[in-house]
Q: 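After the structure tokens below, expect a handful of questions from me.
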Amino acid sequence: MSYPDVVVIGGGVVGAATARAFSRYQVDVVLLEKEPDLPWGTTRANSGIVHSGHYDRPGTAKARLCVRGNRLLRRLAAELNVPYRQNGSLTVAFTPEEAAKLSEWYARGRANGVPRLRLISGRTAARLEPNLAKEVLRALHAPTAGVVSPYELALALVENAVTNGVELRLESPVEGLRPAGKRLEVATPGESYFARLVVNAAGLGAEGVARMVGDETVALRPRRGEEYLLDKVYGSLVTRTIFPTAAGYSKGILVIPTAEGNLMLGPTDVPDSGFEDLFTTAEGYAAIAAATRRLVPSLPGPEAVIASFAGLRATSATGDFVIGPSPTCPQLIHAAGIDSPGLTAAPAIAEEILFHAQAAGLKLQKKREWRRGRPAPVRFRELDDKARAALAAADPAYRHVVCRCELVTEAEIVEAVRQGARTLDGVKLRTRAGMGRCQGGFCTTKVMAILARELDLPYTALTKRGLGSEIVVEDLARRGGEGR
Amino acid sequence: MIPLLSVDVAVIGAGPAGLAAATAARQAGAERVAVFERLGEPGGILPQCIHNGFGLHVFQEELTGPEYAERFVVQAREAGVEFWLNSMVLSLSAERRLSVMSPQGLVHVEAARVVLAMGCRERTGPNILLGGARPAGVFTAGTAQRLVNVEGYLPGREVVIVGSGDIGLIMARRLTLEGARVKAVVELLPYPGGLARNVRQCLEDFGIPLRLAHATLSVEGRRRVSGVVIAPLDETGRPVLSRAEQIPCDTVLLSVGLIPENELSRQAGLELDPRTGGAAVDERGETSIPGIFACGNVLQVHDLVDYVTAEASAVGRWAGSSQASGSRELALVPGGNARYVVPQRLSAGLVPPFTISTRVQRPAGASVVRLGGVVIARRAVVRPAEMIRVDVKPGDWTKVLAEVGSEGCLRLEVEEERP
């Protein structure tokens, strides 16, 4: 049993940003994550786009928090040394009807307070992006749009929050919420927490959390999206994120230059998906290939695809974010129904949660000492020969390149384990080992050897992503019998 | 200060190609020949290939992979080749300067000649748009081979192999011998991807079903693989969904092709042939950048290691000699059933014999190989899995030159003979 001031449920980017925001104040905060590592849900399978904010209707929570989040996130990425690029975005129109829609979005963007938004001709767009389809009539250029590594952002937020005193509890799924006097009891398999305030940032689990207090205002309708990542060789075909003039709920199928220098194509948008529908399909790829080639005709074919994945948007039935205290339980504050532009909005959502926390009576006094920044992790692949030589001279672990595609050294993997990586995926998200063109074909066994050594575990206990995802089933050397 | 090393020939990769090329370069007179290998031991992929069948052409005996590698390691050491193990080449420039991360730290190398022998990597699930979930238990066949033969672990007990490349076939047998149950090898094409002898010895002898002309629709499972869904293809090549079947398993191996590892070649800026995925070379194995050569699987994916050795020895000899570059005025392009041709450039003044390699696009019966209209070889049967290597004889070469002149474009055709 423990009595923290705040429990944040969910280690995705919203929970992470919220925990980090609280960490600035003199309150005890516990961050609960059901998985053995983070971020493994919607944040992980995310496009990584920092939206400018012209898409959502003025007056919605999405419109308000996206524009503010865009500004906050730029600063946050710098403070926490997270890969971020303000590459801008182009939303392109092929027909007069689409061009009219762009004018509407332009006006909407102005109303939402998006800075430096401009409508440009097809010719100007072609000058900005020479590989764009020649048929583009007009485009909406949003210079404040960017891209960020979504999982590195969440990891950095949590790391910084922990540095500032937040307690991170992994493998802690919430099994029940019960009012206990002025506090709310949060039951997990290992422990019960009696908190003054609980933040529901449980992503796809947010509906279930709300129901634990009889609250039916959070209704989620997951929407599945597939994404396909291309070899870095094609990373410079476009500089800006290219959007079509989409007519449906989502922003359409895009060409996204990632913060790490790949191109990503997607996402599809499948309404009313199941809560566990994390699969890719031939139809999904076909739709993405057709849609993106219309935007950028010189995109390569499937041979350039090095990774594919599906994610689930935690879309709310209302179509807008659900932020604020639960009507049935004032100690529970929702940050639910977070789909696009949720990544962009996350730091602004965190601000708003703090506001609600104060409104609910929590006193927020700044800590005298608070570390705003996170030291930049070493990224060997980004260094020049001189810097690489210096690292190698100081530490032999930098002389061993483990992941040949992304140039990740043993030293970086050991550091990732020190930061909490316990699985192949944990190492991958922190270092990019296994994220390149061979998808771990060469480095999987090497990373396993380092994990086994650092964690003092047998190979048979190593997993891809936690219990039940073991990589090998038997140690052949331990077999009995003749000839062994 | 980063130390600078000067060598006559820098060989990148100590697999079968690099070992043979380095040895030949020394024997051809190059003084200082250094091989840079990122792994801790030489031999490339051979140390994990503990099955036999290597060396039938080169030694006229059947060796295992480690045995075959050992012979060339000994030869190379005796020839005075300098080995840099655990040494990864981080960059290569057109001026033949290399940055190498070695156990001694970072070193710069300037080389009069460079031989590219980086080998290839396996195609992955995403490369073939393999659908479904992404649970643990999906391995490329080569990674599984390393787990079993080098690390000593069984990757799974119920296995489906997607693709019928040689490593997949070899692993079907290997896993069966270790007590796993290989439930099927599923191949998209109507014919196997690997050698006929491997289909016989690794599948048929063990009663493992080979499902030709079947698409793998999806991998299932949340944390670990629980099955795959496959479906037969109709005449138009589309999966017949009404006949889809689910095969329960805990492991999926992928053996769906190999890709030459030309990342350093791209850095150097040399011309690549999209048909092979390797460098465009002349009859000596020299690339579009003078002084940079390529051989082995980084140049073209081979079917037999013996042919890698033969090719690399020839290229290593040229790289180790002090002869000027070829004139490369003839372009060589594939035609008919030929999918690609290596070399892609020829020098009109070359002195035969020289070797041309190609592969066909589809299986066919008795076929002729024509160079510039001149028949240079015949084969009783041709298969996509098998390389066709032809040593062009001086007499034939004279005829070819008479036919096309000493400039322009030459066609290498493989065509089925009409009965």
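In what follows, every chain begins at residue 1, and chains take the letters A, B, ... in the order their sequences are listed. These numbers come from the heavy atoms of this one structure, side chains and all, not from hydrogens, waters or symmetry mates.
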Q: Taking the side chain as C-beta and beyond, is there a heavy-atom pair between B:S87 and B:F83 under 4.5 Å?
A: no

Q: Heavy-atom pairs under 4.5 Å with chain A: which of B:N127, B:I128, B:T140 has the most?
A: B:N127

Q: Under 4.5 Å from any heavy atom of chain B, what part of A:L391 do you find: side chain, backbone, both or neither?
A: neither

Q: Which one, A:I306, A:D385, A:T444, leads in non-hydrogen pairs under 4.5 Å with chain B?
A: A:D385

Q: Going by atom types alone, do B:Y340 and B:Q300 pair a side-chain donor with an acceptor below 3.5 Å?
A: yes

Q: Using 4.0 Å as the upper bound for N to carboxylate O, is an ion pair formed by B:K183 and B:E158?
A: yes

Q: Taking A:E276, A:K386, A:Q439 one by one, which has the highest count of heavy-atom pairs under 4.5 Å against chain B?
A: A:E276

Q: Please state whether the side chain, the backbone, both or neither of B:R123 comes within less than 4.5 Å of a heavy atom of chain A.
A: neither

Q: With salt bridge (Lys or Arg N to Asp or Glu O under 4.0 Å) as the criterion, how do B:R157 and B:D250 come out once you've worked through the C-alpha distance, each side chain's angles and the decisive distance to 0.1 Å?
A: CA-CA 7 Å; B:R157 300 191 192 284; B:D250 61 16; 5.7 Å; no

Q: Which residue out of A:A392, A:S308, A:A310 racks up the most heavy-atom pairs below 4.5 Å with chain B?
A: A:S308

Q: Could A:E260 and A:R381 be called an ion pair, given the rule that one side-chain N must be under 4.0 Å from one carboxylate O?
A: yes

Q: With chain B, which of A:V233, A:L424, A:T281, A:L229 has the greatest number of heavy-atom pairs at distances under 4.5 Å?
A: A:V233

Q: Given heavy-atom pairs under 4.5 angstrom as the criterion, report whether the side chain, backbone, both or neither of A:P302 touches chain B.
A: both

Q: Against chain A, label B:T124 side chain, backbone, both or neither, depending on which of its atoms sit under 4.5 Å from a heavy atom there.
A: side chain

Q: Return the option, out of B:G125, B:G132, B:A133, B:G105, with the maximum number of heavy-atom pairs under 4.5 Å with chain A.
A: B:G132

Q: Give, as side chain, backbone, both or neither, the part of B:V148 having an atom under 4.5 angstrom from any heavy atom of chain A.
A: both

Q: Is a donor on one side and an acceptor on the other found under 3.5 Å between the side chain of A:E412 and the backbone of A:F380?
A: yes

Q: Does any backbone or side-chain atom of A:L407 lie under 4.5 Å from a heavy atom of chain B? Answer side chain, backbone, both or neither.
A: side chain

Q: Check A:D425 with B:R134, please: is the shortest side-chain N to carboxylate O separation under 4.0 Å?
A: no

Q: Answer yes when A:R437 and A:E406 have at least one side-chain N-carboxylate O distance shorter than 4.0 Å, and no when they do not.
A: no

Q: Begin with the C-alpha distance, continue with both residues' side-chain angles, and end with the deciding distance and a verdict on salt bridge (Lys or Arg N to Asp or Glu O under 4.0 Å) for A:R44 and A:D37.
A: CA-CA 11 Å; A:R44 173 180 176 168; A:D37 198 359; over 6 Å; no

Q: Which answer fits B:L217, side chain, backbone, both or neither, if we ask what part of it has an atom under 4.5 Å from a heavy atom of chain A?
A: neither

Q: Does this structure show an ion pair linking B:R173 with B:E178, if we count only N-O contacts that are shorter than 4.0 Å?
A: no

Q: Just give me the residue among B:I2, B:L130, B:N86 that pairs up with chain A most often, heavy atom to heavy atom, under 4.5 Å.
A: B:I2

Q: Any idea which heavy atoms bring B:C249 and B:V228 closest together, and the distance?
A: SG-N, 4.1 Å

Q: By a 4.5 Å heavy-atom criterion (distance strictly below it), what part of A:E474 contacts chain B: side chain, backbone, both, or neither?
A: both

Q: With a 4.5 angstrom heavy-atom cut-off, could you sort out which part of B:S102 is near chain A: side chain, backbone, both or neither?
A: backbone

Q: Measure B:E261 against the heavy atoms of chain A and call it side chain, backbone, both or neither at under 4.5 Å.
A: side chain

Q: Do we get A:R404 above A:F442's six-membered ring, with its NZ or CZ under 6.0 Å from the centre and within 45° of the axis?
A: yes

Q: Measure distances from A:E470 to the heavy atoms of chain B and classify the residue's part below 4.5 Å as side chain, backbone, both or neither.
A: backbone

Q: Just how far is it from atom CD of A:E35 to atom OG1 of A:T423, taken to the nearest 0.5 Å?
A: 10.0 Å

Q: Which one wins on heavy-atom pair count under 4.5 Å against chain A: B:R146, B:E122, B:R222?
A: B:R222

Q: Please state whether the side chain, the backbone, both or neither of A:A393 comes within less than 4.5 Å of a heavy atom of chain B.
A: neither

Q: Measure distances from A:Y398 to the heavy atoms of chain B and classify the residue's part below 4.5 Å as side chain, backbone, both or neither.
A: backbone

